[in-house]
Amino acid sequence: MQMRVGTSGFSYDEWTGGFYPAGMAAEERLGCYARRFGTVEINNTFYRMPKRDVVQRWAEAVPDEFRFAIKASRRITHEGKLLDEGGGVEYLLRQLEPLGDKRGPILFQTPHYLRKDVERLRAFVGRIPAGVRGAFELRHRGWDDPAVHEVLAAAGHAWCAAEHEEPGPAEGEAQAQAEESEAQVETERPLVRTASWGYLRLHAASYDDARLRRWAERIRETWDEAWVFFSHEQASPGLVERMLTIAR
């Protein structure tokens, strides 16, 4: 099976002097990153739609075999709640055209308070053009349902598995209820195969080799191809290297 492993983002000042050489200019970071790893998850597209000239520079900075996973704008997932009445998906894909074959999956991460709506998801998936891979991190626990999995499977999209560290004590019952679904640790549940490929976000605070080996085993047992992303912590580039070694 093929496993692509990277981090969620690449331009972090705290990586300077370690992963990035001291004194390296910000515009040189992506090229340096791409010489080490084969994929990256771009997160700033969640906060603002990408500009085509910026996307063009991304494409020019990396080799042909490099792939960008793109986190969809919050206009689509949080403000639009997957209704996409403003044509956000179409606009996002137009802005990403300079990537060409270097465009990997699009990550659609919904807010934890957005509850299951199978027909809404079915309509949204129907707006995604053929040939575009969507990975869906549907964070409310209610979405983890066979009917939802079937909608994704019918279109060849991936159910995104995500592991986040459990939050600290909540301040009041209302906050605890709001965070309940987000606090679930993915290792408590089996991975879901809705396509031959899968998407995994490993954002817990720490991983030792035993934990990485177990994840690698679960990935191999579930998918033929996997996209795996660690967080932006200072130790994350080292985790990518360890995971690649373990996977091999």
Side-chain angles (χ1 to χ4, degrees), residues 7-9 41-50 69-93 95-96 104-128 132-153 155 157-189 191-192 194-195 198-205 227-233:
T7 56
S8 295
E41 182 187 82
I42 299 293
N43 291 143
N44 62 16
T45 47
F46 175 76
Y47 300 100
R48 62 189 66 85
M49 285 286 191
I70 304 293
K71 187 173 182 180
S73 169
R74 59 186 173 184
R75 297 184 201 174
I76 299 169
T77 56
H78 287 56
E79 297 167 15
K81 299 180 176 63
L82 299 184
L83 293 174
D84 200 32
E85 294 173 340
V89 171
E90 181 182 358
Y91 179 79
L92 174 62
L93 292 174
Q95 297 301 99
L96 296 174
I106 308 296
L107 172 66
F108 298 98
Q109 181 200 66
T110 58
H112 61 80
Y113 54 79
L114 184 65
R115 295 178 179 272
K116 181 184 72 174
D117 187 329
V118 175
E119 293 311 312
R120 179 183 301 203
L121 178 65
R122 193 189 313 277
F124 181 80
V125 165
R127 296 187 182 96
I128 301 175
V132 176
R133 285 177 161 187
F136 286 78
E137 186 182 355
L138 304 170
R139 294 161 77 191
H140 190 280
R141 187 66 175 264
W143 287 98
D144 193 357
D145 181 278
V148 172
H149 304 159
E150 289 172 9
V151 169
L152 298 179
H157 297 308
W159 171 272
C160 171
E163 180 176 61
H164 301 283
E165 203 68 24
E166 294 192 23
E171 296 179 2
E173 183 177 354
Q175 182 178 347
Q177 291 174 347
E179 293 178 347
E180 179 180 359
S181 62
E182 191 173 17
Q184 302 300 324
V185 177
E186 183 61 36
T187 48
E188 298 173 358
R189 308 195 296 272
L191 295 176
V192 176
T194 60
Y199 198 104
L200 177 62
R201 307 182 83 217
L202 297 180
H203 285 199
W227 302 72
V228 182
F229 296 100
F230 291 92
S231 69
H232 62 274
E233 302 299 327

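Predicted, not measured: the structure shown is a model, and the values here were computed from it.
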Could you pull out the closest heavy-atom pair between [X] and [Y], with the gap in Å?
X	Y	result
W227	G104	CH2-CA, 4.1 Å
L138	W159	CD1-CZ3, 4.0 Å
G142	K116	O-CD, 3.3 Å
G198	A158	CA-CB, 4.3 Å
T45	I42	OG1-O, 3.2 Å
R127	V89	O-CG1, 4.5 Å

If you measure from [atom1] on [X] to [atom2] on [Y], what distance do you get to the nearest 0.5 Å?
X	Y	atom1	atom2	value
H232	T7	NE2	OG1	10.5 Å
R115	K81	CZ	NZ	13.5 Å
R139	H164	CZ	NE2	6.0 Å
N44	S8	CG	OG	12.0 Å
H112	E137	NE2	CD	12.0 Å
L152	R122	CG	CZ	10.5 Å

Is any side-chain heavy atom of [X] less than 4.5 Å from a side-chain heavy atom of [Y]?
X	Y	result
F136	V148	no
Y113	H140	no
L107	R201	yes
M49	L92	yes
L96	P50	yes
T110	F108	no
D117	L82	no

If only atom types and distance count, is the side chain of T194 paired as donor or acceptor with the main-chain N or O of H157 below 3.5 Å?
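Present.
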Is it the case that atom CZ in F46 sees more than 12 heavy atoms from other parts of the structure closer than 6.0 Å?
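Yes.
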F229 vs Y199 aromatic rings, parallel, tilted or perpendicular, using cut-offs 30° and 60°?
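Geometry flag for Y199 against F229: tilted rings.
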Before you tell me yes or no, could you show the steps for Q95 and I70 under side chain to side chain contact (heavy atoms under 4.5 Å, CB included), namely the whole-Å CA-CA distance, both residues' side-chain angles and the distance that decides it to 0.1 Å?
CA-CA 11 Å; Q95 297 301 99; I70 304 293; over 6 Å; no
So, Q109 versus T77: side-chain donor-acceptor pair below 3.5 Å or not?
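No, no side-chain donor-acceptor contact under 3.5 Å.
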Side chain to side chain contact (heavy atoms under 4.5 Å, CB included) between H149 and D144, intermediate numbers included:
CA-CA 7 Å; H149 304 159; D144 193 357; 3.0 Å; yes
